[in-house]
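To keep things clear, I will list the structure first and then write my remarks on it.
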Amino acid sequence: MKVEEIGIRESNQFPEIVCDYLEGNPFLSDFYAHPPVIDSYADAIKIKSNFSAEKRKILTEELLKTYDQYGVELEDTSAVKQNITRLNNSNTFTITTGHQLCLLGGPMYVHFKIQSVLKLAAQLKQSYPDSHFVPVFWMASEDHDFAEVNHVKLFGKAFTWDKNSRQQPVGRLDLDGIEKVFDQMLSMVRDDEQQRILDACFESYLNSKTLAQATLKYIHNYYKQSGLVIIEPDNKVLKKEFETTIIKDITKRQNFEHLKQTNLRFKPNYKPQVNGREINFFHISEKGRNLIKHENGEYVIGDRVKVYSEDEILQEIAEHPERFSPNVVMRPLFQESILPNLAYVGGPGEISYWLQLKSIFEYNQIPLPILHLRESFIIAGKGLAGKLSKLGLMVKDFLQPENQLIEHFINVRNSDNAAESISGGILQLTQDLIDKVKSIDAGLGSDLIKWKSEQDKYLTHLIKRVNQLRKDSLSSETEKLLKIRQYLLPEGALAERSESFLVLQLQSPHLVNYLMELPFTEKPFIRNILEA
């Protein structure tokens, strides 16, 4: 097994703002609280130490209730139960990641997020032994974009769960019809061991009533030995803890103004990831998860599904906080309000929009956590190392745009660049001749300049023809080249963003443990795993 490290910037797979953040660009220093290094946690722990005992009690009670309601038995000696119990202690803090409720865990990178949190928590325990650090997975169960979670891709083939979600939060959906997806996936099975793996994954779904319950069971079964705590935020009691912030956003509508000011500061350098709304909450009812708008002194739900006066919506919040669901802007604040959290581990898109939120956190007097980029992997697969060696290329070469990859390959294969060298020599000799002639006869020098211009055009045309001939002679090899690139970057992005983690479980189960054993690093990079 060989591991190559590819820098985040040189990989061409991450936005400029994430690269700048990780490199400590001074422009971004106003947009985060602490840099993503282990030394930052001394201050972060001090700040979060004032998280109240009452909040801790409510949190642990609701976590235990959720596991019980979802039919997950936690023995007192289990790592998960011990971590939940520790949350009652003032020296215990959370390290959090989260994701949508994608089918069967979703793409590989969802697991890479979870593993990053587990590794970071363990690393912090070594550096700060007097504190405890609980890894947490936040289920985005209130999201209503069913099209983003209803499919899974296995060995390049997509399997889709067809269902009318009625714009309801996906976590509340029943699982009717999901067995058809699993039956289709079984057609990919090659042996009894692969069938056993798939059956174990399906079990959590086939024995659950809702997608939230199935997702909690699925992730719990996979990571329970590591003590990962899973939180279901679609919870009336936890929403009650967030009531003041809900009211503030809906009635004052200042979070949107703070975000607009931040985005104005961003725009000369970066494209803002989120723009927010005047009101950053949805209202959940039997009519679905609908936007709340403030119009003419009234609060309008969706396409006038319901209309509230200010007194009425305040009463609705007080009596039914569970009906108010934060959007992408307010969800991070909800998380930080109910958890004694020190860090959030996210992907490049998440880091980008979290960097837009500092002024909103300050306005609501909630500490902003430390932001870490999740781990990222390229699993090159057996035999690819030999193919790359024959081509004279490395995996990182394939992360370039396609045209640049081909040009690079041609240059590698024709490293002498004889035509370009000869052409350059001719042009330089011509220029030397012009310089000498001009000092003797300006008119003759002008004639030579015109001749050189024609010569330049001809030589440029000649080099293009030579390069095309090179490409034609290497056409069969460039075809292999593009197939490898498609394998490494399906849909134009790293395979971890589309292929299911099940691919590793089914095809390379030994890699699953190997990836978990690799340490989490302060300065992220893409790890390329080359199997012999």
Side-chain angles (χ1 to χ4, degrees), residues 5-11 13-51 93-98 112-113 115-131 133-136 138 258-259 262-263 265-266 268-270 272-274 332-333 335-336 339-376 518-527:
E5 296 175 357
I6 303 172
I8 294 300
R9 188 177 290 279
E10 70 172 323
S11 73
Q13 300 299 308
F14 295 84
E16 184 75 11
I17 187 172
V18 173
C19 296
D20 285 351
Y21 169 65
L22 296 172
E23 292 169 358
N25 187 318
F27 174 80
L28 288 172
S29 61
D30 288 342
F31 299 97
Y32 59 87
H34 309 283
V37 296
I38 297 300
D39 287 347
S40 294
Y41 282 86
D43 288 336
I45 288 170
K46 289 178 184 176
I47 292 170
K48 209 66 178 186
S49 291
N50 63 359
F51 196 79
F93 307 93
T94 58
I95 308 297
T96 304
T97 193
F112 297 160
K113 290 169 83 170
Q115 292 177 8
S116 297
V117 162
L118 295 172
K119 294 176 185 181
L120 179 56
Q123 191 172 338
L124 287 170
K125 183 60 180 174
Q126 292 181 352
S127 300
Y128 300 91
D130 293 335
S131 297
F133 304 92
V134 174
V136 170
W138 180 285
H258 284 282
L259 184 59
T262 294
N263 289 353
R265 294 177 64 190
F266 262 45
N269 299 286
Y270 315 108
Q273 188 79 5
V274 295
L333 281 84
Q335 171 188 298
E336 297 303 309
L339 294 176
N341 196 51
L342 300 179
Y344 185 77
V345 177
E350 291 172 293
I351 298 299
S352 297
Y353 78 71
W354 273 81
L355 288 170
Q356 294 175 241
L357 303 180
K358 187 183 178 188
S359 63
I360 295 178
F361 271 88
E362 290 173 342
Y363 171 66
N364 290 279
Q365 298 181 318
I366 299 171
L368 182 70
I370 298 170
L371 306 175
H372 286 276
L373 182 67
R374 65 165 173 83
E375 291 184 303
S376 194
L518 291 171
F520 186 67
T521 61
E522 287 184 351
K523 190 171 184 179
F525 39 73
I526 298 177
R527 284 191 179 102

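Because only heavy atoms are used, hydrogens play no part in the values below, and waters and symmetry mates are left out as well, while side chains stay in. Please read all numbers here as calculations on a predicted model, not as lab measurements.
Contact record, I370 with P36: CG2-CA, 3.7 Å, taken as the closest heavy-atom pair. Heavy-atom minimum distance, G346 versus K113: CA-CE, 4.3 Å. Shown here for F93 and S49, the closest heavy-atom pair between the two residues is CZ-OG, 3.9 Å. Of all the heavy atoms in G347 and L373, the pair that sits closest is C-CD1, 3.8 Å. Taking all atoms of both residues into account, the shortest heavy-atom contact from Y128 to A42 is OH-N, 3.2 Å. Of all heavy-atom pairs spanning R374 and V345, the tightest one is CA-CG1, 3.7 Å.
Atom-to-atom distance recorded for S29:OG and K358:NZ is 8.0 Å, nearest 0.5 angstrom. Going from atom CZ of F51 over to atom CG of N341 covers 9.0 Å, rounded to the nearest 0.5 Å. Interatomic distance, OH of Y41 versus CG of L342, reported as 7.0 Å (0.5 Å rounding). Distance CG/N25 to CD/E16: 8.5 Å, rounded to 0.5 Å. To the nearest 0.5 Å, the span separating CZ on F133 from CD on Q126 amounts to 11.0 Å. With rounding to the nearest 0.5 Å, the separation of CG in D20 from CG in L28 is 6.0 Å.
The closest donor-acceptor contact from the side chain of T96 to the backbone of V136 lies at 3.5 Å or more, if one exists at all. With hydrogens and angles disregarded, a donor-acceptor distance shorter than 3.5 Å links the side chain of Q356 to the backbone of Q273. In this structure, the side chain of S376 does not engage the main chain of I526 through any donor-acceptor pair within 3.5 Å. Between the side chain of S127 and the backbone N or O of L124, no donor-acceptor pair lies under 3.5 Å. Using a distance-only test at 3.5 Å, with no hydrogens or angles considered, a donor-acceptor pair links the side chain of Y21 to the main chain of L371. Listed for the Y32 side chain is no donor-acceptor partner under 3.5 Å among the backbone atoms of L368.
Residues passing the side-chain hydrogen bond (donor to acceptor under 3.5 Å, both in side chains) test with R265, sequence neighbours excluded: D30. The salt bridge (Lys or Arg N to Asp or Glu O under 4.0 Å) test applied to E10 returns K396, not counting sequence neighbours.
Between P524 and L22 the shortest side-chain heavy-atom distance falls below 4.5 Å. Within the 4.5 Å cutoff, the side chain of P369 has heavy atoms near those of the E336 side chain. Side-chain contact between P332 and L357 is present, with heavy atoms from C-beta onward closer than 4.5 Å. Contact of the V117 side chain with the F520 side chain is not registered, since no non-hydrogen atoms from C-beta on lie closer than 4.5 Å. Two residues are said to be in side-chain contact when any heavy atoms from C-beta on lie closer than 4.5 Å; Y270 and S352 fail this criterion. At least one side-chain heavy atom of I38 sits under 4.5 Å from a side-chain heavy atom of L120.
Salt bridge status for K119 with E375: present, with a side-chain N to carboxylate O gap under 4.0 Å.
Side-chain rings of F266 and F31 approach one another, their centers coming within less than 6.0 Å.
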Any chance you could lay out the side chain to side chain contact (heavy atoms under 4.5 Å, CB included) test for T521 and R527, step after step, and finish with the verdict? CA-CA 11 Å; T521 61; R527 284 191 179 102; 3.6 Å; yes
May I have the step-by-step check of salt bridge (charged side-chain N to carboxylate O under 4.0 Å, His left out) for K523 and E23, ending in yes or no? CA-CA 9 Å; K523 190 171 184 179; E23 292 169 358; over 6 Å; no
Could you please spell out the steps behind the side chain to side chain contact (heavy atoms under 4.5 Å, CB included) verdict for S116 and T97? CA-CA 9 Å; S116 297; T97 193; over 6 Å; no
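Crowding of K125 atom NZ: a count of heavy atoms from other residues, nucleotides or ligands under 6.0 Å exceeding 12.
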